[in-house]
Amino acid sequence: MPVHIYGGFLVVVEGQIGGARQPENFVVDTGTSPSILNLRVARELGLELTPAKFAALGQESSIHAGQVPELKIGPVQMNTAPFLVTDLSSVEQAWKLPVAGILGLDVLGKASFRLDYENEVLEFGDVSGDGIAVELSSQEHLSIAKVNINRTAFRMLVDTGAERLVLFGNKPTTLLTNAVSGKTLQGNGAAGSVPVRALPALDVDWNGEHFRKDAVLVSDRQEPLFDGLLSVRALGFRALAFDAENQVVYLQK
């Protein structure tokens, strides 16, 4: 399937929901779980919604949950699919395109696939075990890697929806001190933008590979499962593959 890549990192694929003939745009984001449906689309489908809470971009939001009656993304077909439901109009405005939802591995991970950034295609089928392997958590459907950053151990969420390497305020290290005087920026991601502070270039050591990359800090966000976002594109990976049978993500150069 062809995909469109915005801003050098944001992946958008077409899919169909609720039996509609007209395809809709979905953002592919391995850092989102559960997947999210735009409130506008939920209203168009007349979905029954229930209250829910969701933590993202440093804030906990009161949103809703609902069941999409039918979803098709390439060979991935679900008669019913659970989604969180929230207003994605700010995402649509930021990227200047209609967005029906944000797909995580809880939905896309029903089948093996390979996301090829260079050729801008999403290929479904058997994948090779090439690249750096990260196992998927069984409950959260998230791929969390153990990475050393400036000789400190971090748990980093492998994220196709992040523009940069992002650290949260989980660890009171010198990295946070260095960010106090850092320039305030707008951090872009699949779910919108948030103010961040610039960090100096960091030394990232992972699975025998070394990267030196600029990063940003979201100091007021803390996560129990991970310490930041490992941007697939910021680290220069050209493809991401997912093995559905073994529940493993592979990052490929």
Between Val166, Leu167, Leu199, Leu229, which is the residue that forms a side chain to side chain contact (heavy atoms under 4.5 Å, CB included) with Val216?
Val166

CD1-OG1 distance between Ile102 and Thr32, expressed to the nearest 0.5 angstrom
5.0 Å

Side-chain (Arg40) to main-chain (Leu88) donor-acceptor, under 3.5 angstrom
no

Between Thr30 (side chain only) and Val158 (backbone N and O only), is there a donor and an acceptor less than 3.5 Å apart?
yes

When clusters are formed by joining ILVMFWY residues with side-chain heavy atoms under 4.5 Å apart, either directly or through shared neighbours, do Val127 and Val3 land in the same one?
no

Would you indicate whether the side-chain heavy atoms of Leu165 and Phe211 approach each other to under 4.5 Å?
no

Is there a donor-acceptor contact under 3.5 Å from the side chain of Glu92 to the main chain of Val99?
yes

Phe113 and Val13: same hydrophobic cluster, using ILVMFWY side-chain contacts below 4.5 Å?
yes

Only residue of Tyr117, Trp95, Phe237 satisfying ring-ring contact (aromatic ring centres under 6.0 Å, His included) with Phe9 is Trp95

Leu84 to Ala52 - nearest heavy-atom pair and separation
CD2-CB, 4.1 Å

Any donor-acceptor pair under 3.5 Å from Asp227 side chain to Met156 backbone
no

Measure the spacing between CZ of Arg233 and CG of Leu235 and express it to the nearest 0.5 Å.
11.0 Å

Passes side chain to side chain contact (heavy atoms under 4.5 Å, CB included), Asn25 versus Glu14? Steps please.
CA-CA 5 Å; Asn25 293 323; Glu14 289 187 345; 4.0 Å; yes

Path from Val121 to Val76 over hydrophobic side-chain contacts below 4.5 Å:
no

Does the side chain of Trp206 reach to within under 4.5 Å of the side chain of Ile149, using non-hydrogen atoms?
no

Minimum side-chain heavy-atom gap Leu108-Phe242 below 4.5 Å
no

Which one of Val85, Ile63, Leu37 satisfies the side chain to side chain contact (heavy atoms under 4.5 Å, CB included) criterion with Leu49?
Val85

When clusters are formed by joining ILVMFWY residues with side-chain heavy atoms under 4.5 Å apart, either directly or through shared neighbours, do Leu230 and Val11 land in the same one?
yes

Closest non-hydrogen atoms of Ala111 and Ala244, given as atom of the first, atom of the second and distance, are C-CB, 3.6 Å

Looking at every non-hydrogen atom in both residues, tell me the closest pair between Ser143 and Leu136 and how far apart they are.
N-CD1, 3.7 Å

Heavy atoms only: give me the nearest His141-Ser33 pair and the separation to one decimal.
CB-OG, 3.7 Å

Gap between atom CD of Gln16 and atom CD of Glu70 - 0.5 Å precision
8.5 Å

Asn148 side chain to Asp205 main-chain N or O, any donor-acceptor pair under 3.5 Å?
no

Residue pair Leu103, Phe83: steps toward the side chain to side chain contact (heavy atoms under 4.5 Å, CB included) verdict:
CA-CA 9 Å; Leu103 300 178; Phe83 276 80; 3.9 Å; yes

Keeping Asp203 on the side-chain end and Arg151 on the backbone end, is there a donor-acceptor pair under 3.5 Å?
no

Donor-acceptor contact present, side-chain Gln252 to main-chain Asp130, <3.5 Å
yes

Residue pair Ile36, Asp29: steps toward the side chain to side chain contact (heavy atoms under 4.5 Å, CB included) verdict:
CA-CA 10 Å; Ile36 299 172; Asp29 182 13; over 6 Å; no

For residues Asp214 and Pro200, report the shortest heavy-atom separation together with the two atoms involved.
OD1-C, 4.3 Å

Taken in chain and number order and not counting sequence neighbours, the residues that satisfy salt bridge (charged side-chain N to carboxylate O under 4.0 Å, His left out) with Arg238 are Glu118

Can you tell me how far apart CG (Leu142) and CD1 (Ile144) are? Round to the nearest 0.5 Å.
5.5 Å

Rounded to the nearest 0.5 Å, how far does CZ of Phe124 lie from CG of Leu115?
9.5 Å

Using modelled atom types only, decide if a donor and an acceptor are shared between the side chain of Asp243 and the backbone of Val248 within a distance under 3.5 Å.
no

Same cluster or not: are Val41 and Met78 linked, directly or through other Ile, Leu, Val, Met, Phe, Trp or Tyr residues, by side-chain heavy atoms under 4.5 angstrom apart?
yes

Between Phe26 and Leu71, is any pair of side-chain heavy atoms under 4.5 Å apart?
yes

So, does Ser231 use its side chain to make a donor-acceptor pair with the main chain of Ala162 at under 3.5 Å?
yes

Is it the case that atom CD in Glu135 sees more than 12 heavy atoms from other parts of the structure closer than 6.0 Å?
no

Restricting to non-hydrogen atoms, name the atom on Tyr250 and the atom on Ala133 that form the minimum distance, rounded to 0.1 Å.
CE2-CB, 3.6 Å

Hey, are Asp87 and Ser89 close enough side-chain-wise for a donor-acceptor pair under 3.5 Å?
yes

Donor-acceptor pair, distance only, cut-off 3.5 Å: does the side chain of Thr160 make one with the backbone of Val28?
yes

Separation between CD1 of Ile132 and CD of Glu209, rounded to the nearest 0.5 Å
5.0 Å

